[in-house]
Amino acid sequence: MKKLIKAGTLLGTGEGANYVGLENLLHISGNEVQLFRVMSVAEWESLSVNGHKFSNYDFAMEKKWFATSHNHARMWGELFYPDGIYRIIEITLADIALDYMFHVKLLDNIGPAYAADIEMLNKVVRRLRLV
């Protein structure tokens, strides 16, 4: 996999521009993992309209954060959307793609999380669905 990495770049930045050949991770064989993201209804509708591709919008963070479990995503939903109006998506990607995403062991005292920018996500997400 070294050929995917631009010279001088460390793994785990979550920034698609730091790597070349990420789209190869869409088709590589091996294990897959699922990550979960809580989002507003408007963000879900944007994903739906754009063929399940992530896009930029006003006031969005540079990176999109994903929980490693549905339960943790629900906890973030309760934290960020106290009115209970939110959606949770599940993305599927090759487990090796996690090496290129930014990772924290404990985000917001809830659980582990991964983050990636839109450029990376649109190159590595194999499937996306509402859960």
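Taking the six-membered ring where tryptophan is involved, the planes of W44 and H52 are tilted, since the angle between them lies from 30° to 60°.
Residues passing the side-chain contact (heavy atoms from CB on, under 4.5 Å) test with I85 are V41, D83, sequence neighbours excluded. Remark: F54 engages no residue in a ring-ring contact (aromatic ring centres under 6.0 Å, His included) (not counting sequence neighbours). Partners of S40 according to the side chain to side chain donor-acceptor pair (under 3.5 Å) rule, which considers only residues two or more places apart in sequence or in another chain, do not exist here. Partners of E78 according to the side-chain contact (heavy atoms from CB on, under 4.5 Å) rule, which considers only residues two or more places apart in sequence or in another chain, are R74, Y86. Taking S46 as the reference, N50, S55 meet the side-chain contact (heavy atoms from CB on, under 4.5 Å) condition, with sequence neighbours excluded. Legend: residues meeting ring-ring contact (aromatic ring centres under 6.0 Å, His included) with F66, ordered by chain and number and at least two apart, are absent.
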N/O donor to acceptor pairs below 3.5 angstrom from side-chain atoms of residues 87-96, sequence neighbours left out:
residue: E90; atom: OE1; partner: R129; partner atom: NE; Å: 2.8
residue: E90; atom: OE1; partner: R129; partner atom: NH2; Å: 3.4
residue: T92; atom: OG1; partner: Q34; partner atom: NE2; Å: 3.4

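Screening residues 34-43 for salt bridge (Lys or Arg N to Asp or Glu O under 4.0 Å) gives R37-E43, E43-K64 as the qualifying pairs, with residues at least two apart or on separate chains. The ring-ring contact (aromatic ring centres under 6.0 Å, His included) contacts involving residues 103-125 comprise H103-Y114, where partners must be two or more places apart or lie in separate chains.
Think of L106 as one node in a network of Ile, Leu, Val, Met, Phe, Trp and Tyr side chains linked at under 4.5 Å; it has no links at all.
Here the side chain of D117 pairs a donor or acceptor atom with the backbone of G16 at under 3.5 angstrom.
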